[in-house]
Student: 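Structure in C-alpha cells, see below.
Letters go in sequence order (proteins before strands), and every chain restarts at 1.
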Number of protein chains: 2
Amino acid sequence: MLETTDERAGMPAVSATQGRNAGSAGTQRRRAGRPSAAVLDKAGITTAALELINRKGYDGLTMAALAKELDVAPSALYNHVAAKRDVLLLVEDHLTSLVDVSGFGPAPWEEAVRGWAWSYRNVFAEHTPLIPVIAVLPVTDAPQTLAMYETVSKGFLDAGFPQERIVSSIVALESFIFGSAYDVTAPADIFESGSMAEATPHFTAAVRSAEGQVDGPPADAAFSLGLEALIAGLGALREQRG
Amino acid sequence: MLETTDERAGMPAVSATQGRNAGSAGTQRRRAGRPSAAVLDKAGITTAALELINRKGYDGLTMAALAKELDVAPSALYNHVAAKRDVLLLVEDHLTSLVDVSGFGPAPWEEAVRGWAWSYRNVFAEHTPLIPVIAVLPVTDAPQTLAMYETVSKGFLDAGFPQERIVSSIVALESFIFGSAYDVTAPADIFESGSMAEATPHFTAAVRSAEGQVDGPPADAAFSLGLEALIAGLGALREQRG
DNA sequence: ACCACTAAATGAACGGCATTCATTTATTAG
DNA sequence: CTAATAAATGAATGCCGTTCATTTAGTGGT
C-alpha cells in the first residue's frame, strides 16, 4: 500500500536527512547497521526517481542508479518497496496529482473534460513507460489517482450523467488519452512509406495532403479530432438535471 | 589449411543432412560452422516467437528461449535480426495481417470501421507488450501494417472523407484502440477503492452502480461507448460523394 | 580451378539488471 | 532488560541481451 506520498501534507520529507548528497565531496561511507535517523522514505524515493527520470530517462531508472542518487546501497531500497514496480507506482501516483481537474465544478462539462484530457495526455506523454503499469493498477494502491477519479466522477454526475455509465465513459476517455500519449512520442516521419509508396497510393496521398497544413504537432490534430468526437458523443448521454 | 586434424575421426561420418531435429530424441548437437541448408529465416523466427508467446507469455520470450525453440545457439539469431526489438517487429507485423479489414468496400463506412476496430483491439489485447513498439514504429519496416493502412485509407476516401483529415482520423481511432487493448487486460476488481471508499463517495457509487448491469466484460462496454462516439463524431467530417 | 569474401552456425564470454541473503546496528514494545 | 523489529551494508545469484572469436559452407571473380 502506498501510504499517500502526498507532499502537500508531509513537506519536503526528503529534507529530514542532511545525508542527501549534500557535500559535493566524497560521499563518505556510511557504516553498516541501522542509522539513527532513517535515510529513506517513500517520498524521498519518489523524488529521486523523478529526478533520475528527468535526467536520464526511463532507461536510466535502475534500482542501482536510484540507490546511488539516494546515496544508499541498492538493497536498502527493498526495505521500503517490494519491487521496482512499486517505485513506478509511486511515480505514477505523484504524476497523477499533477493532472489538472480544476475545470470540474466551475466550468461547463465539455470545457472541464477538455482541459482535464489535454492535461492528462500531456503529463503522461513524457512518461509512456508508466502506461502499462497504470492500466493494470488497482486504484486502491494509488491514492492520488483515486482522488482524481473522485473529482471527475462528481463532475460527470453533476453534469447529468446517468450514474451507471460514468465509469465506462471515463474509461473510454482514458483509453483514448493513453493511446494518444504514445502518439506524441512517435517520430515525425513515422508514416513515410518509403520504397513501398507505389504499392499504397491512397495512404501515401493521404499522408502527403495532411503534411502541408498542420498547425502544430500532428499528434495534436489527431488528439483534438478524437477528443471532440468523444466529448460530443459521450455528452449525448447526459440527462436533464433535476 | 590442410585437413590434417580431422575432428570427425571419432564420429561415424554422420551423413550430412539428417541433422535437422528429426529424431524426437535428444536433439543432438549441430557441429559448429555454417550448415549446408540454412536453419533460420525470418518466417521461422516469427513462428517460433509466436509459439513461445502463446505458451509462456511475453515474459517467456527471451532470446535464449527463442533460440532453444529453434534448436539453435542464441547468438545465431543475430545473423538474422539486429536486436530483440526486431523480433517484436516481426511478430507485430504478422499480427496486423490478422486484423479484419474486409468490411471496407462492401459494407457502409460505419460498419466497416466498427468491424475493423473491434478486430484490431481483440488482436492486440492479447499482445499489449507490443503496443509501445508499434507506437514508434515507422511503417516502412512493417509491410503488413502498411497494407492495412492502405485498405483503411481507401475506405475512408471512398466514404467521402476529405483527404487531409484521413490520417488524423485513423490515428485517433488507433489511439483509442491501443488504449482500450490495455483495458482488456485489467483485473476485474481494478476499481474497488477498498479502505478509501468513504473518501470517494461519488466514484464508489458510480463503480457500484455499473457493476450490476454489465452484459459482457466491463472493458467491452467502455470500448463500445467510445467507439460509437468516435464513429459518429468522425463520420460528420464526410462530404457528399461527387 | 583457385581464391577472396561473405553468410550462417557454435560456444564462450561480458556487463547490467533486479533481487536475495546474511550480517550489523539502532530503535521500540513488553 | 530483553526480545522483536526496522533499516542499513555488502556480497552473491541468476537471468538477460548482446558481442566476439572461431568454424564451416557457399559464391563470385579472374
Side-chain angles (χ1 to χ4, degrees), chain A residues 3 16-17 19-21 27-45 48-49 52 56-89 129 133, chain B residues 1-9 11 13-17 19-21 27-45 48-49 52 56-89 129 133:
Chain A
E3 192 67 28
T17 57
R20 289 291 271 121
N21 45 1
T27 306
Q28 64 179 52
R29 284 265 43 78
R30 194 188 347 266
R31 89 178 185 285
R34 180 181 184 172
S36 304
V39 178
L40 295 178
D41 60 11
K42 281 175 182 167
I45 291 172
L52 205 50
K56 315 253 190 178
Y58 276 86
D59 283 349
L61 180 62
T62 68
M63 294 302 271
L66 185 55
K68 194 170 194 180
E69 179 84 13
L70 289 159
D71 190 24
V72 145
S75 53
L77 293 167
Y78 290 87
N79 289 320
H80 301 266
V81 297
K84 184 180 181 181
R85 162 173 245 272
D86 287 1
V87 175
L88 297 178
L89 238 76
V133 175
Chain B
M1 177 174 285
L2 300 179
E3 48 169 331
T4 50
T5 60
D6 193 351
E7 323 202 7
R8 285 165 299 180
M11 295 176 60
V14 174
S15 177
T17 48
R20 288 291 276 131
N21 49 357
T27 306
Q28 63 180 54
R29 284 264 46 75
R30 195 191 342 267
R31 89 180 187 281
R34 179 181 186 173
S36 304
V39 178
L40 296 178
D41 61 11
K42 283 179 181 163
I45 291 172
L52 205 49
K56 315 253 191 177
Y58 277 86
D59 283 350
L61 180 63
T62 67
M63 294 302 272
L66 185 54
K68 194 169 194 179
E69 180 83 13
L70 289 159
D71 189 26
V72 146
S75 52
L77 293 167
Y78 290 86
N79 289 319
H80 300 266
V81 296
K84 185 181 180 181
R85 163 174 242 272
D86 287 2
V87 175
L88 297 179
L89 237 77
V133 174

Student: So which one's nearest nucleotide on DNA chain D is more toward 5', A/P74 or B/A37?
Tutor: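 In this pair, the answer is A/P74.
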Student: Begin with the C-alpha distance, continue with both residues' side-chain angles, and end with the deciding distance and a verdict on side-chain contact (heavy atoms from CB on, under 4.5 Å) for A/L66 and A/L77.
Tutor: CA-CA 9 Å; A/L66 185 55; A/L77 293 167; 4.3 Å; yes
Student: Base, sugar-phosphate or nothing for A/S36? Non-hydrogen atoms, less than 4.0 Å.
Tutor: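 Sugar-phosphate: the residue A/S36, judged by heavy atoms under 4.0 Å, touches backbone atoms but no base.
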Student: Calculate the interatomic distance between B/L70 atom CG and C/dA8 atom P; express it in whole Å.
Tutor: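 To the nearest whole Å, that distance equals 15 Å.
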Student: Return the value, rounded to whole Å, for the distance between atom CG of A/N79 and atom C1' of D/dT9.
Tutor: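 Distance, rounded to whole Å: 10 Å.
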Student: Tell me what A/T62 touches on the nucleic acid: a base, only sugar-phosphate, or nothing, going by heavy atoms under 4.0 Å.
Tutor: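 Sugar-phosphate only.
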Student: Just the rounded figure in Å: distance from C1' of D/dT9 to NZ of A/K68.
Tutor: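 The answer, rounded to whole Å, is 17 Å.
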Student: Tell whether B/R34 reaches the base of D/dA25 with its side chain through a donor-acceptor pair below 3.5 angstrom.
Tutor: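 Yes, the side chain and the base share a sub-3.5 Å donor-acceptor pair.
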Student: Distance-only, no hydrogens or angles: does the A/R30 side chain make a donor-acceptor pair with backbone N or O of A/D71 under 3.5 Å?
Tutor: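 Present.
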Student: Would you say C/dA9 has OP1 or OP2 under 4.0 Å from some side-chain N or O of B/H80?
Tutor: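 For B/H80, the contact criterion (side-chain N or O under 4.0 Å from OP1 or OP2 of C/dA9) is met.
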Student: Write down the distance between NZ (A/K56) and P (C/dG16), rounded to a whole number of angstrom.
Tutor: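 Those two atoms, NZ and P, are 13 Å apart.
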Student: Looking at the side chain of A/A38, which of C/dA9, D/dA8, C/dA26 is the nearest nucleotide?
Tutor: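 Minimum distance to the A/A38 side chain belongs to D/dA8.
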Student: Let me confirm one number: the OG1-CD distance from A/T62 to A/E69, rounded to the nearest 0.5 Å.
Tutor: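 Spacing of OG1 (A/T62) from CD (A/E69) equals 11.0 Å.
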Student: For D/dA25, does OP1 or OP2 lie under 4.0 Å from any side-chain N or O of B/R30?
Tutor: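 For D/dA25, neither OP1 nor OP2 has a side-chain N or O of B/R30 closer than 4.0 Å.
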Student: Can you tell me the distance, in whole Å, between the OH atom of B/Y58 and the P atom of D/dC15?
Tutor: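 About 23 Å, once rounded to whole Å.
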Student: Let me know, please, whether A/A73 or B/A82 comes out on the 5' side of the other along DNA chain D by nearest nucleotide.
Tutor: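 Looking at the nearest nucleotide for each, A/A73 comes out on the 5' side.
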Student: Can you tell me if B/D59 has over 12 outside heavy atoms packed within less than 6.0 Å of its CG?
Tutor: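 No.
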Student: Return yes when atom NZ of B/K68 has more than 12 non-hydrogen atoms of other residues, nucleotides or ligands closer than 6.0 Å, and no otherwise.
Tutor: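 Result for NZ/B/K68: open.
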Student: Using whole Å, report how far CG of B/L77 lies from C1' of D/dC16.
Tutor: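 Taking atom C1' of D/dC16 as the reference, CG of B/L77 is at 13 Å.
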Student: Take atom CG of A/L66 and atom P of C/dA18, then tell me their distance rounded to the nearest Å.
Tutor: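 Whole-Å distance recorded here is 9 Å.
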Student: With respect to the side chain of B/Y78, which nucleotide from C/dT10, D/dT18, D/dA8 is positioned closest?
Tutor: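 Of all the options, the side chain of B/Y78 is nearest to D/dT18.
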Student: Quick check for you: among D/dA8, D/dA25, D/dG10, whose closest atom lies nearest to any side-chain atom of B/R31?
Tutor: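 When the side chain of B/R31 is considered, D/dA25 is the closest of D/dA8, D/dA25, D/dG10.
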Student: Rounded to the nearest 0.5 Å, what's the gap from CG on B/L70 to CG on B/L40? Could you check?
Tutor: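 Interatomic distance, B/L70 CG to B/L40 CG, rounded to 0.5 Å: 5.5 Å.
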Student: Given C/dG11, D/dT18, C/dC21, which nucleotide is nearest the side-chain atoms of B/K84?
Tutor: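 Selected nucleotide: D/dT18.
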Student: Starting at atom CG of A/D86, determine the distance to atom C1' of C/dT19, rounded to an integer number of angstrom.
Tutor: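 Result: 13 Å.
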Student: From the options C/dA18, D/dT18, C/dA9, select the nucleotide whose nearest atom is closest to the side chain of A/M63.
Tutor: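 Nearest to the side chain of A/M63 among the choices is C/dA18.
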Student: State which of C/dA9, C/dT10, D/dA8 makes the closest approach to the side chain of A/P35.
Tutor: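 So the nucleotide nearest the side chain must be D/dA8.
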